[in-house]
Novice: 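Here's a structure for you.
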Amino acid sequence: MATNRWNATLYDDKMSFVSGYGRGVIELLQPKPGEQILDLGCGTGDLTEQIARSGAAVTGVDLSESMIAKAKEKFPDLDFSVGDAETFRSACQFDAIFSNAALHWMKRPELVVQSIALALKPGGRLVAEFGGKGNVQAIVEGISAVLNENGFDANERNPWYFPSLGEYTSLLERAGFRVVYAIHFDRPTPLADGEAGLAQWFATFCEPFFAGMSQEVKEALAEKAIARIKPSLYSGSEWIADYKRLRVVAVKQ
Ligand code: BEZ
């Protein structure tokens, strides 16, 4: 999983659409009172709290210490801990594992799927949404072109894993899951704050592309990348990010 140093406040203030869209994934989860549910990659806990309202017992886990600190501050009655999905092991097994907008940060998916399989009861379900093949492609291409032209290896720095539907469902099947629902769909996503929207999105999500660079170099390269992406994604009044989502429901056999 990428060790992004998240700005949890910026994430909550400007990227609230992440948990907004995630409510649709909770509808797919259909949590029930008394179920034990793991929210994998829970961020600052908004969806964990929504799931808890169903009466299920929820545990939120995230790699980012700052996200978990914020989640605990916001929801002191809920159970949150720092953990790495690639190596995560729990003492108990869960009825369901939920994950929204997190699995694409985990670049060793075989290990993540193994952790998920071990953490579920037989008959337990994985309900997840994350970036699929082609997700934020115009953004990735713009950043990559600018980094490569300036002597940085964009591929090596790219923190994201965006599999095709076939690739991810096959991975789940190999790990002993039956995939009962899978869809790969476009979700053009308007960003907040008009012309500043993509710069804020960069500040929240793109740190790994610019790791180790001076502030000056980082800002100059980000500005160039944003200018390059503008003709594709800026409408004249707002940025519409080219999100493509994968949603899956898979049952452990
Ligand atoms: C996503 O939710 O698809 C996403 C968010 C941030 C960076 C990359 C992808």
Side-chain angles (χ1 to χ4, degrees), residues 1-26 28 39-48 50 62-64 66-67 70 85 98-109 112 127-147 154-165 167-168 182-193 196-211 218 221-222 225-226 229 232-233 238-248:
M1 204 192 299
T3 52
N4 204 359
R5 275 182 289 109
W6 288 91
N7 180 332
T9 302
L10 190 58
Y11 180 80
D12 266 4
D13 287 353
K14 302 292 181 190
M15 306 296 152
S16 58
F17 67 82
V18 176
S19 53
Y21 284 115
R23 293 185 214 293
V25 193
I26 297 181
L28 206 54
D39 181 358
L40 194 58
C42 64
T44 61
D46 289 334
L47 296 176
T48 321
Q50 288 286 320
D62 202 286
L63 181 65
S64 162
S66 60
M67 291 287 201
K70 188 89 194 264
F98 170 88
S99 185
N100 180 58
L103 296 180
H104 53 246
W105 290 100
M106 305 171 195
K107 293 195 77 176
R108 294 195 290 175
V112 175
V127 179
E129 176 173 320
F130 60 108
K133 191 173 169 68
N135 193 37
V136 294
Q137 189 153 328
I139 298 177
V140 172
E141 284 174 2
I143 298 176
S144 300
V146 168
L147 289 188
N155 205 30
E156 194 176 279
R157 288 168 173 266
N158 186 335
W160 303 319
Y161 163 68
F162 298 139
S164 70
L165 183 147
E167 191 180 337
Y168 205 73
I183 182 168
H184 186 189
F185 61 100
D186 289 315
R187 195 198 71 200
T189 300
L191 305 182
D193 284 345
L198 190 60
Q200 274 166 0
W201 194 93
F202 268 43
T204 312
F205 296 126
C206 295
E207 178 63 26
F209 280 107
F210 304 100
K218 188 189 298 186
L221 295 183
I226 288 169
I229 299 162
S232 318
L233 301 184
E238 67 177 351
W239 290 90
I240 316 259
D242 51 341
Y243 278 52
K244 289 189 174 52
R245 321 302 293 164
L246 263 188
R247 266 187 193 183
V248 294

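All ligand and atom numbering here is 1-based and tracks the order in the structure. Counting begins at 1 with the first residue of the sequence. Note that the coordinates shown come from a computational prediction; the quantities given were computed from them, not determined experimentally.
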Novice: Please check: side-chain N/O of S99 versus main-chain N/O of L40, any donor-acceptor pairing under 3.5 Å?
Specialist: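 Judged by distance alone, yes, a pair lies under 3.5 Å.
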Novice: Is the centre of the F130 ring less than 6.0 Å from the centre of the W160 ring?
Specialist: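 No: the rings miss the under 6.0 Å criterion.
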Novice: Taking only distance into account, with no hydrogens and no angle test, what donor-acceptor pairs under 3.5 Å do side-chain atoms of residues 17-24 form with protein atoms, sequence neighbours excluded?
Specialist:
from, atom 1, to, atom 2, distance (Å)
S19, OG, S16, O, 3.3

Novice: More than 12 heavy atoms of other residues, nucleotides or ligands under 6.0 Å from NZ of K244: is that the case?
Specialist: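 Enclosed: over 12 neighbouring heavy atoms sit under 6.0 Å from NZ of K244.
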Novice: Just by distance, do the side chain of K107 and the backbone of N158 share a donor-acceptor pair under 3.5 Å?
Specialist: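 Such a contact is found between K107 side chain and N158 backbone.
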Novice: Does S64 offer a backbone N or O that forms a donor-acceptor pair with the side chain of S66 under 3.5 Å?
Specialist: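 A pair under 3.5 Å: no.
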Novice: Using a 3.5 Å cut-off on N/O to N/O, what pairs does ligand 1 make with the protein? A line per pair would be great.
Specialist:
from, atom 1, to, atom 2, distance (Å)
ligand 1, 2 (O), R245, NH1, 3.2
ligand 1, 2 (O), R245, NH2, 3.2
ligand 1, 3 (O), N135, ND2, 2.7
ligand 1, 3 (O), R245, NH1, 2.4

